[in-house]
Amino acid sequence: MAKIRVHHGTTELYVNVVSVDTRCVDIVVNHDLTVDMKVPIGMNQDMIRRYVKMNEERIVQQYERYKMRNHQVLPVTLELEDGRLIYRSGQKLPYLGKMNLELRIKFHADDETRIYEQDNQDGSRVLTIRTDNDDQNFLRYCVMRYYKKTAGQLVNRKVHEYGNRMNLTYNHVKITGQARSTKLSVSKLTYKNLEIRDQKTLWGSCNRKRNLRFDWKLAMLPEEVIDYVIVHELTHLKKMNHSARFWAEIEKVMPEYQECRNWLNKHGKEYEIF
């Protein structure tokens, strides 16, 4: 297997040339970020090198795009107990694929727990929980309520956008689950057809009553992965299976869906700590 060096801008990588029984040349970026170029058996080296030279920019763009989607956003230094994250003031939480949501916990002897956020000029966010309850289960519930509200707004907008593109009309959101404490005050969305809930094992689902459900942790993921999950479930309104025709429908809307699907398969379970 030959290797060809590719240098474009500040990016340098090597392309592994693999001869296979095919009529076309195909560039593949693998999970470990190695790059394979599958060429027809018998294709001579000069032709291969000319092809790589002519397509350097496209190869690097494909590599950089996959590299961005292949990143692991959760640091290994997060403090866990029994497999669950321990919530402490000052720690960073994921939002849209970046660890830029700072959690602040202010303990006050108030009659009501308040949850509010603010945006910083650098694009980061601060999530503040003002409460007299330091129980980890309660703090976890407060964080979940914030993400449910945020995911509800995000999913509502994206379902509306993609629904229009796919000639579908599901654009209403409902936050499910009642507050466990009368002291907890957080705004709610109260629509129908689409729910944000604790899905446990699924990022999204669609039943035969045409109800769509999405997991509250969706707002933690990279935005293009969120788009894939939404398009996936909207496509079930057309095809209630995972047949070849189902995936073809997704590809019409998201040609790069496989990269997002691979990202979920690789990193999705990491978010079970929240």
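Note that the structure is a prediction, hence the values are computed from the model and not measured. All values below were derived from every heavy atom in this structure, side-chain atoms included, with hydrogens, water molecules and symmetry-related copies excluded.
Within the 4.5 Å cutoff, side-chain heavy atoms of I4 are placed close to those of I48. The closest side-chain heavy-atom distance from K158 to D227 is below 4.5 Å. Between C206 and L237, some side-chain heavy-atom pair lies under the 4.5 Å cut-off. Within the 4.5 Å cutoff, the side chain of Y63 has no heavy atoms near those of the I27 side chain. Annotation: side chain of L139 is in contact with side chain of T131 (closest heavy-atom distance under 4.5 Å). No side-chain heavy atom of V25 sits less than 4.5 Å from a side-chain heavy atom of N55. Inter-residue side-chain proximity for I86 and L80 is flagged as unmet; no heavy-atom pair is nearer than 4.5 Å. Put simply, the side chain of T113 reaches to within 4.5 Å of the side chain of F138, judged on heavy atoms.
Residues that satisfy the ring pair (Phe, Tyr, Trp, His ring centres under 6.0 Å) test with H242, not counting sequence neighbours, are H232, H236, F246, W247. Under the side-chain contact (heavy atoms from CB on, under 4.5 Å) criterion, D82 pairs with no residue, sequence neighbours left out. K92 pairs by the side chain to side chain donor-acceptor pair (under 3.5 Å) definition with nothing, not counting sequence neighbours.
Annotation: the span from L74 atom CG to I273 atom CD1 amounts to 5.5 Å, rounded to 0.5 Å. Residue Y162 holds its OH atom at 13.0 Å from OH of Y228, rounded to the nearest 0.5 Å. Note that the OH atom of Y87 and the CZ atom of F274 stand 6.0 Å from one another [nearest 0.5 Å].
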Worked verdict on K38 versus D36 for salt bridge (charged side-chain N to carboxylate O under 4.0 Å, His left out): CA-CA 6 Å; K38 300 179 181 180; D36 292 340; over 6 Å; no
Verdict with supporting geometry, Y146 and E117, side chain to side chain donor-acceptor pair (under 3.5 Å): CA-CA 9 Å; Y146 164 77; E117 66 170 355; 2.6 Å; yes
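Taking each heavy atom of L154 and A219 in turn, the nearest pair found is CD2-CA, 4.4 Å.
Taking the charged nitrogens against the carboxylate oxygens, R157 and E161 do have a contact shorter than 4.0 Å, which makes a salt bridge. A salt bridge between E102 and R125 is absent, with no side-chain N of the basic residue lying under 4.0 Å from a carboxylate O of the acidic one.
Within 6.0 Å of the CZ atom in R84, the count of heavy atoms belonging to other residues, nucleotides or ligands exceeds 12. Enclosure of atom CG in D21 is not indicated, since only 12 or fewer non-hydrogen atoms of other residues, nucleotides or ligands lie within 6.0 angstrom. M47 CE: 12 or fewer foreign heavy atoms inside a 6.0 Å radius.
The cluster map of Ile, Leu, Val, Met, Phe, Trp and Tyr, joined by side-chain heavy atoms under 4.5 Å apart, puts Y141 and F107 in the same cluster.
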